[in-house]
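Notes follow once the structure below has been shown.
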Amino acid sequence: MARLGKAQSLTVRLAQRELGRLWMRLEGLPPARQRDILLDLLPALCRKYGDIGGVAAAQWYDTLWNQWFDGGFEAQPVNEFDDDTARGIIRAKAGLLFDKPDGTPADPTEFLRWANKFLDRNVKQPGRLTIQHNAQRDPYRTGYARVPSGAGTCPFCLMLAGRGYIYHNAETAGADHGFHEDCDCEIIPEWDKGSNRIEGYDPDRYERMYRQARDALENPHTDPQLLEAAGNVSPYTVTITQNNGRRRAHTYMPGDPNNLNSLAAIMRRQHPDLFTGTDGDIR
């Protein structure tokens, strides 16, 4: 897992470094010219470095697969990046390059910050898709887990990661939840659900952290500061499919042990050295 995480992080850094070099050449150009160049440049960087990440993920999958089986399967890299969709998103955000009619000045620094996050998300995506698609092609039945690999892990990711390889497909392992900004998680297959060959992945530890946070919410004698943190979040809504096929939404209020935003807030307070950045509501 460390090898895959490093490869993904490296491709993102290379893409961001190339953007930084080219960005300096854009300074002084008219905003419309900057926008037009970026409409071609950003998708090109996403595709170029996303392809590299996809190949690295395929090689990683082959290495892991060959620890279990003897040949007969070769992972294929996947990159489904859509240039037209990306250009629409970039064009909308490029308004930051222009002065506004109300006198608000252009903010190219904010655009560059956004562009780096855009690269992070889209350069990592082909690697994630490569693993998911090859797991679907795999002739052997697998289990899945959401596995963090670095410093970008958030409490919500760890709650999913703590469940281990119980998921039947990539979507239920968390792919359908998406990935937050700077997320370091991957959806990883395992051919023996009772086993774990991913170095550094400790689902039992993550499960204990989740239980510790839940116990704090259920205990009336919990530190008031923890309870205050749990109460300063948004309600958490889940949609449940009933036996008759109808979908019903249920909302958990702040402080409820089933409110994942409250659990995440408590986990941040209980483990301040592990979770960096600011609290953010899950949904």
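All residue numbers refer to positions in the sequence shown, counting from 1.
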Rounded to the nearest 0.5 Å, the CG atom of Asp223 sits from the CZ atom of Arg269 at a distance of 9.0 Å
Ile37 and Leu22, any side-chain heavy atoms less than 4.5 Å apart: no
Heavy atoms of Gly53 and Thr11 approach each other most closely as N-CG2, 4.0 Å
Polar side-chain atom of Asp99 near backbone of Pro105 as donor-acceptor pair, under 3.5 Å: no
Is the backbone N or O of Pro257 less than 3.5 Å from a side-chain atom of Arg214, with the two atoms forming a donor-acceptor pair by type? yes
Do Tyr201 and Tyr165 have ring centres separated by under 6.0 Å? yes
Same apolar cluster: Leu226 and Met159, side chain cutoff 4.5 Å: yes
Mark yes or no for whether Asp138, through its side chain, and Asn134, through its backbone, hold a donor-acceptor pair below 3.5 Å. no
Would a 4.5 Å heavy-atom cut-off, applied to side chains only, mark Pro254 and Asn261 as touching? no
Flag yes if more than 12 heavy atoms outside Glu218 fall under 6.0 Å of its CD atom; otherwise flag no. yes
From CA spacing to verdict: side-chain contact (heavy atoms from CB on, under 4.5 Å), Tyr140, Trp65: CA-CA 10 Å; Tyr140 296 95; Trp65 196 90; 3.7 Å; yes
Flag, side chain of Ser262 to backbone of Gly255, donor-acceptor distance under 3.5 Å: yes
Cluster question for you: counting only ILVMFWY and a side-chain heavy-atom cut-off of under 4.5 Å, with indirect links fine, are Leu10 and Val55 together? no
Quick check: does any side chain N or O of Arg17 sit under 3.5 Å from a backbone N or O of Val12, one acting as donor and the other as acceptor? no
More than 12 heavy atoms of other residues, nucleotides or ligands under 6.0 Å from CG of Asp102: is that the case? yes
With rounding to the nearest 0.5 angstrom, report the CG to CG distance, Asp36 to Leu29. 10.5 Å
Is the closest side-chain heavy-atom distance between Arg137 and Gln76 below 4.5 Å? yes
Just wondering, do Asp51 and Phe81 contact through their side chains at under 4.5 Å, heavy atoms? no
Answer with yes or no whether the side chains of Tyr49 and Glu18 bring together a donor and an acceptor at under 3.5 Å. yes
Cluster check Val123, Val78: I/L/V/M/F/W/Y, side chain < 4.5 angstrom: no
Exam field: side chain Lys100 to backbone Gly95, donor-acceptor pair closer than 3.5 Å: yes
Side-chain heavy atoms of Leu97 within contact of Leu38, under 4.5 Å: yes
What I want to find out is whether Arg211 reaches Asp215 closely enough, with some N-O distance under 4.0 Å, to be called a salt bridge. no
Any chance you could measure Gln8, atom CD, to Cys185, atom SG, to the nearest 0.5 Å? 12.0 Å
To the closest 0.5 Å, what do you measure between OH (Tyr144) and CD (Gln132)? 8.5 Å
Side chains of Thr237 and His250: does their closest heavy-atom pair fall under 4.5 Å? no
Kindly compute the distance separating CG (Leu217) from CG (Asp256), expressed to the nearest 0.5 Å. 8.0 Å
Is there a continuous path of hydrophobic side-chain contacts, each under 4.5 Å between heavy atoms, that joins Trp60 to Leu129? no
Within the distance-only criterion (no hydrogens, no angle test), does the side chain of Asp70 pair as donor or acceptor with the backbone N or O of Asn66 below 3.5 angstrom? no
Ser9 (side chain) donor-acceptor with Lys6 (main chain) under 3.5 angstrom: no
Quick check: does any side chain N or O of Asn258 sit under 3.5 Å from a backbone N or O of Met253, one acting as donor and the other as acceptor? no
Measuring only between side-chain heavy atoms, which start at C-beta, is Arg146 closer than 4.5 Å to Cys157? yes
Please tell me whether Met209 and Leu263 are part of a single hydrophobic cluster in this structure, the criterion being side-chain heavy atoms less than 4.5 Å apart. yes
Pairwise side-chain contact, Tyr210 with Pro155, heavy-atom cut-off 4.5 Å (strictly under): no
Any carboxylate oxygen within less than 4.0 angstrom of a Lys/Arg side-chain nitrogen, looking at Arg87 and Asp40? yes
Over all atoms of both residues, closest heavy-atom pair of Pro203 and Ala161: CB-O, 3.6 Å
Has Asn259 got a side-chain atom pairing as donor or acceptor with Tyr252's backbone, closer than 3.5 angstrom? yes
ring-ring contact (aromatic ring centres under 6.0 Å, His included), that's the test. Do Phe118 and Trp114 meet it? Break it down for me. CA-CA 6 Å; Phe118 182 80; Trp114 172 84; 5.0 Å; yes
Mind listing the closest non-hydrogen atom pair of Pro126 and Gly50 along with its distance? CB-O, 3.3 Å
Point-to-point distance, once rounded to the nearest 0.5 Å, from CG of Leu96 to OG1 of Thr104: 11.0 Å
Decide whether Asn122 and Arg47 meet the rule of one side-chain donor and one side-chain acceptor closer than 3.5 Å. no
